[in-house]
Protein chains: 2
Amino acid sequence: MTGRTTVSRERAERATLVDVALAAQVSRQTVSNVLNNPGKVSPATAAKVRFEIDRLNFRPNLAARSLRQRKANALGIELNATGRHRLGNIQDSFLVELTVAAREQDAHIITFAVEDYLEPISEYERLLATQMVSGFVLTNTRHDDPRPAWLRAHEVPFVSFGQVWDDPAFTAWADVDGGSGIAQGVRHLVAQGYAPIGYLGWPPGSPVGDDRRSGWVSATTDLGIHDPALQEVPPQDLPAAAAAVRSLLERVGNGGAIVCASDTLAFIAFQVMRDQGQRPGTDIGLIGFDDTDFAQEFGLTSVQQPLAEIAQTLLTYLTGAESGAVAPSRGVLFDPAVIPRRSTDHRSTDRARPAHKPVTTDPAGSRTQDGDSS
Amino acid sequence: MTGRTTVSRERAERATLVDVALAAQVSRQTVSNVLNNPGKVSPATAAKVRFEIDRLNFRPNLAARSLRQRKANALGIELNATGRHRLGNIQDSFLVELTVAAREQDAHIITFAVEDYLEPISEYERLLATQMVSGFVLTNTRHDDPRPAWLRAHEVPFVSFGQVWDDPAFTAWADVDGGSGIAQGVRHLVAQGYAPIGYLGWPPGSPVGDDRRSGWVSATTDLGIHDPALQEVPPQDLPAAAAAVRSLLERVGNGGAIVCASDTLAFIAFQVMRDQGQRPGTDIGLIGFDDTDFAQEFGLTSVQQPLAEIAQTLLTYLTGAESGAVAPSRGVLFDPAVIPRRSTDHRSTDRARPAHKPVTTDPAGSRTQDGDSS
DNA sequence: GCGTTCGATTTGAACGTTCAACCTGAGTGG
DNA sequence: CCACTCAGGTTGAACGTTCAAATCGAACGC
């Protein structure tokens, strides 16, 4: 605006490779190599260059890099815009972990949303054609999923949170070992003294649901307490679901417990129990799956998925694909962990309260660590 | 693969501007103009060019555009990675709507996550310096928010979901009229025949909380049924919160109703009521705020924010900034809507169920079935 | 008839980076 | 001594687009 020194270019803009090169008295390419091929440059020059990079606060322009390399440095992830959100959507937490992991690997996450079932393909085309993304992260995979096939056919890099069922050759996926999670839940309940152990799940046919049920079957069988009658698959309709759950609760009886395929199911049970004056934990044990906000808020023991680890692993497959580190020979199953809360605690503080005011939660509720027992 | 016509370049790669120009027998720039300055090109040529664009399935390379224009075509949005997620995070739904709106305006949404309170600034710097984003969408604004000031100082375009309190000059924000939403809730309850109407809110001092409370005050006052005693601010500690809610429920009494500043608060009330054998809707009306998955799942009437509209409006400010359409002279408040469900329905199906527990009008008297005197 | 304006289109250059090829000098082996 | 390699470094060119300026006719005003 006012006084200006006409000597040097007086723009307040960002430093470029050339600026750094000039300052460090080396060539563009050497600066570039310091960043991308550190082995190719002598320690002395590297230090000099790095000094100037810091001093000038240089950051490579990713648009330029992307243009030259013909390759974006972002990954697309689909948010399901299909109307109603699922209860305590696990996907939201995964997105956060993915974003965190992406920063560590110098990648970025770009969201896109589709309404229709087949639409993701056209969205893939758009994002790839405009060179906004170089690959994708899939979630909610299912049988007969058209996405992996398309991506493979077009040689688009991708990874999947959830097994890719239809293509055994594709191994860049990671998933949670749901069966193991449920089995851990069963063992936890038994260790706490609950018996028998019932199961509340989804209709057979879905891979995830079948997997989780198998955990209940195998764990109870191993412990010699399996009873096929102690399971229930509540229908979609909420009142009908409540009735089904009520029936299961009766069959299990006081002192027993129920493991559920999801926190949502567990919460239906939670509600039904309270309606009947039964106290979760004290009277009947209850375990959910996913460790949603719900569970944290209301003291529901739940099976927690290691989302951060999964996100990190998946991204390594994608970003490491060039650096030689490739996907493993088979998909990876991560072992979830049971997070114990009041709903599986016989000595729940509910009992300590004056009986005329059965209380929803315990004093340690807002704190994550239980600490006082053990 | 095998036979090749050496005449033309036989790469199977994407068509570029030049490819289209060659095919349509015009210059690069004309093709570019067809896309970006449709007014500058004659209808005849435009048609010819568009035909070739379709035929060759041309999509502009956004990396190249971004490089030349010195401006990214994506917006950053912060996901709060700070440990525990809030219950039924409204932000997740907003992100979906934002993503949808972005596609319509040829923008993209890039997520980033920060752990620390002040860290967003450094993340802003990184994303801007690398030219990944051209601006930001803020959420969860608060008093003494350092972000708007920094962004303004650095002339970075941004919009905000939530009023920007500290800077009256900044008007590119949109928010929900919480007071109006609560007032609508009050009127809905009264229309359904509930009285009196209590309020369950947050401690005074937060702008959002004060706004919502004021809706209750004004609506009840207008209807001549205001009673300052019928409000409660439950403490963080959950058991204490439950006690406070219980007290409020007693003061309101059967036939009355409670509007809550959030679904989370409503759900605490929901739990307490069921613990006491009261049926939401049938005995006491209950309204939440945010229309989370919770509310949908459990039949809680709730105040729904018009997130899609807000997202679209905000993006218009950002993308339209160049096309002349600027932000309004003041921030915009959107009117939310009450979504009626069972919790405000006197004739709720709950009534049809056998009342397993007697309604406890006398809290000290009846007890639940545990009956043990520890 | 001639300078002027204007619409429509073209051309050269540039955005900032990395690829591919090239250069240089010192060390190596015979 | 010569051919060769090799580490370290440089240079021209290119990625695909848009900006800024130039070109070209045709229409216009006087």
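All heavy atoms count here, side chains included; hydrogens, waters and symmetry mates do not. Quick caveat: nothing in here was measured; it's all calculated off a predicted structure. Throughout, protein chains are lettered first and strands after them, A, B, ... in sequence-line order, and every chain is numbered starting at 1.
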Exercise for the section: Would you kindly compare B:Gln25 and B:Arg68 by the position of their nearest DNA chain C nucleotide and give the one closer to the 5′ end? Expected result: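 Between the two, 5'-proximity favours B:Gln25.
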In whole angstroms, how far is the [atom2] atom of [N] from the [atom1] atom of [X]?
X	N	atom1	atom2	result
B:Leu67	C:dT18	CG	C1'	12 Å
B:Asn33	C:dA8	CG	C1'	10 Å
A:Leu22	D:dT10	CG	P	12 Å
A:Asn37	D:dG8	CG	C1'	13 Å
B:Arg59	D:dT17	CZ	C1'	17 Å
A:Arg28	C:dA20	CZ	P	15 Å
B:Leu35	D:dT18	CG	P	7 Å
A:Gln131	C:dG16	CD	P	18 Å

If you check every side-chain atom of [X], which of [options] has the closest atom?
X	options	value
A:Leu17	D:dT10, D:dG9, C:dT17	C:dT17
B:Asn61	D:dG16, C:dT18, D:dT18	D:dG16
A:Arg70	C:dT18, C:dG12, D:dG16	D:dG16
B:Thr30	D:dT17, D:dT10, C:dT10	C:dT10
A:Val18	C:dT17, C:dG12, D:dG9	C:dT17
A:Ser27	C:dC19, D:dT11, D:dG16	D:dT11
B:Gln69	D:dT18, C:dG16, D:dT10	D:dT18

Exercise for the section: Look at all strands and tell whether B:Ser42 reaches a base, only sugar-phosphate, or nothing, counting heavy atoms closer than 4.0 Å. Expected result: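 Sugar-phosphate contact only.
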Practice task
Give B:Thr45 one of three labels, base, sugar-phosphate or nothing, depending on what nucleic acid heavy atoms sit under 4.0 Å from its own.
Solution key: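 Answer is sugar-phosphate: B:Thr45 comes under 4.0 Å of backbone atoms only.
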Handout entry: Presence of A:Thr16 side-chain N/O under 4.0 Å of C:dG16 phosphate oxygens OP1/OP2
Key =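 Checking A:Thr16 against C:dG16: no side-chain N or O falls below 4.0 Å of OP1 or OP2.
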Handout entry: Phosphate-side-chain proximity, A:Asn36 and C:dT18, N/O vs OP1/OP2 below 4.0 Å
Key =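 Answer yes for this pair, as a side-chain N or O of A:Asn36 is under 4.0 Å from OP1 or OP2.
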Exercise for the section: Name the orientation class of the two ring planes belonging to B:Phe136 and B:Phe112 (parallel below 30°, tilted from 30 to 60°, perpendicular beyond 60°). Expected result: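 Perpendicular, since the angle between the ring planes exceeds 60°.
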Problem - DNA chain D: 5'-proximal contact among A:Lys40 and A:Gln29 (nearest heavy atom) - result: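 By nearest-heavy-atom nucleotide position, the 5'-most residue is A:Lys40.
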Practice task
Show the numbers, then the answer: is there a side chain to side chain donor-acceptor pair (under 3.5 Å) between B:Thr316 and B:Thr313?
Solution key: CA-CA 5 Å; B:Thr316 308; B:Thr313 303; 5.8 Å; no
Practice task
Look up atom CZ in B:Arg14 and atom CD in A:Gln131, then write down how far apart they are to the nearest 0.5 Å.
Solution key: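 These two atoms lie 10.0 Å from each other.
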Handout entry: Salt-bridge criterion met for B:Glu125 and A:Arg59 (N-O under 4.0 Å)
Key =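 Here B:Glu125 does not pair with A:Arg59 in a salt bridge, since their nearest N and O are not under 4.0 Å apart.
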Problem - Cationic N near anionic O, under 4.0 Å, A:Arg103 to B:Glu123 - result: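 Yes, charged N to carboxylate O under 4.0 Å.
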Problem - Closest heavy-atom pair and its distance - A:Thr141, A:Gln163 - result: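 It is OG1-O, 2.9 Å.
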